[in-house]
Amino acid sequence: MLPEIVTAIPGPRSRDLSLALSKYENRNITYLASHFPVFWEKASGVNVWDVDGNRFLDLSAGFAVAAHGHTHPSIRAAMIDQSAKLIHAMGDVHPAENKLLLCRKLSQITFERWGLGTGKTTLCNSGFEAVEVAIKTSMLHSGKPGAIGFTGGYHGSGYGALEVIGIRWFREPFQQQLRDFATLIPYPNCYRCPFGRLEGYRLDGSRFPNCASSCLTAIEDQISQAIRQRPIGCIVVEPCLGRGGEVVPPLDFLRMLRQLCDTYKILLVFDEIYTGFNRTGALFASDQFGVYPDLLCLGKGLTTGFPLAACIGRAEIMDAWPRSTGEALHTTTFLGNPVGCAAALASIELHLESGVGKRVQILGRRLRDRIKEMALPAIGHVRGLGLMIGAELVKKDGLPDPDLALRTVLAGLQDGLLFLGGGQDGNVLSFTPPFCIEVDEIDYTCAKIYEYLRFGSVS
Ligand SMILES: Cc1ncc(COP(=O)(O)O)c(C=O)c1O
């Protein structure tokens with residue numbers, strides 16, 4: 001359904017709640033201002049209702065989580081059913097049966113389907129924890145402490161994840177507590193070439209020079225140099241940047257990484273927390289690019305809404321972890337929570353239904369094309385795969401325009417459209433709607449975005 005706004009935004013109740021929250025929550029967590037946020041009360045499909053009765057169209061799927069739509073009936077039913085029986089078990093001691101069902105299912109839909117044997121899983125509570133399990137696995141498997149990450153990459157905010165993160169400001173305040181075991185390498189970005197080889201290109205693609213992906217040679221050289229300088233155990237990479245601004249790398253990038261990893265006996269870790277589970281129009285981005293990792297991190301759309309993530313690896317690699325003799329080396333109180341496992345199993349069933357990826361591709365193409373067709377000077381680049389689409393906003397001189405992005409996000413909120421700014425410079429409008437979004441909702445959103453950017457109604 002299209003948005004329906006019945007109060008000022010934020011409404012009176014949201015404002016009251018903001019004021020109260022400012023007293024009790026760490027002030028670094030929720031951005032509280034006169035124009036932000038709205039407090040959510042309920043959600044269904046692509047819609048969210050706030051505590052003042054306003055109906056929003058959610059173009060973010062709540063950080064790309066609500067893949068099948070908010071509060072999906074079959075996921076909700078699975079969670080209700082499970083919570084009537086067992087809400088919590090002893091994950092690494094006396095587990096619930098559905099922990100096995102989920103680990104087996106994850107193996108079947110990843111490494112087994114790719115013909116790479118059984119996949120073994122560590123279930124986690126959060127995406128960053130899954131990335132940290134991957135980094136720990138690399139240490140145990142190779143004995144090499146070093147890692148490679150990429151500029152613009154986002155892997156979460158735990159200290160292990162911060163080592164490989166490529167968005168600097170998340171690390172900076174904590175730099176002195178980090179060990180710096182990772183080397184950061186530029187992520188290929190055809191619009192803003194990190195090697196200055198491209199000037200950018202017009203929306204019709206006419207200025208996209210044939211650089212023969214020369215960035216890949218430069219990246220390969222930098223990685224090889226890093227490997228000579230320190231013992232590297234793994235390369236951690238997002239197949240497409242998510243929070244880094246929906247950057248899709250050149251086709252051969254992941255293949256080149258796979259070859260490097262094979263040559264130097266390094267583990268390839270795909271962080272598919274954002275790109276996984278049909279977000280790019282294929283079950284995994286690995287399928288999209290035909291390149292498969294040694295370790296795979298999943299989260300977000302895994303459950304469509306319950307905090308659960310996973311690190312899955314080829315069995316012979318995961319078996320670098322010693323067999324438990326009563327204490328797990330990496331564990332958490334809520335590991336393999338039965339309600340989370342039930343949500344994940346129900347969500348995966350929906351992901352495996354035929355036509356999901358196709359639908360995501362078709363709707364994503366429409367969203368991308370509609371934004372491209374605007375042909376506005378403020379929109380420097382439109383990109384993405386499936387239903388993860390980014391529109392990079394630029395100033396007249398082509399530099400990133402984060403202020404315009406923020407004003408556009410706020411204008412959208414006033415009109416009942418929920419989307420966020422992303423990218424390393426905060427100048428990318430990021431759209432990751434639930435897969436159940438309809439064409440008229442996409443067209444409505446684009447008409448509004450056009451209005452904001454064309455007529456300068458964003459001031
Ligand atoms: C690619 C990627 N990795 C890791 C994370 C961290 O996940 P979480 O916020 O669940 O810890 C995110 C979150 O946005 C992500 O996009």
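In what follows, residues are counted from 1 in the order of the sequence shown. Both counts, for ligands and for their atoms, begin at 1 and track the order of listing.
- Below 3.5 Å of separation, one finds an N or O of K300 facing an N or O of ligand 1.
- Aromatic ring orientation, Y187 versus F253: perpendicular (interplanar angle above 60°, classes split at 30° and 60°).
- Considering backbone and side-chain N/O atoms, F128 comes within less than 3.5 Å of an N/O atom of ligand 1.
- Checked by distance only, ligand 1 and D271 come closer than 3.5 Å through their nitrogen or oxygen atoms.
- Side chains of I442 and C446 form a contact here, defined as non-hydrogen atoms less than 4.5 Å apart.
- If you look at E129 next to ligand 1, there are no close heavy atoms at all, none under 4.0 Å.
- Between G127 and ligand 1, a contact under 3.5 Å exists for at least one N or O pair.
- Side chain to side chain, E246 and S430 meet the donor-acceptor criterion of an N or O pair below 3.5 Å.
- With hydrogens left out, the protein atom closest to atom 2 (C) of ligand 1 is Y154 O, 3.2 Å, a heavy atom.
- On a distance-only criterion, S126 and ligand 1 share at least one N/O pair closer than 3.5 Å.
- Under 4.0 angstrom from ligand 1, there are no non-hydrogen atoms of F63.
- For atom 16 (O) of ligand 1, the nearest protein heavy atom (residue, atom name, distance) is Y274 CD1, 3.4 Å.
- Taking the six-membered ring for Trp and thresholds of 30 and 60 degrees, F419 and F431 have ring planes inclined between 30 and 60 degrees apart.
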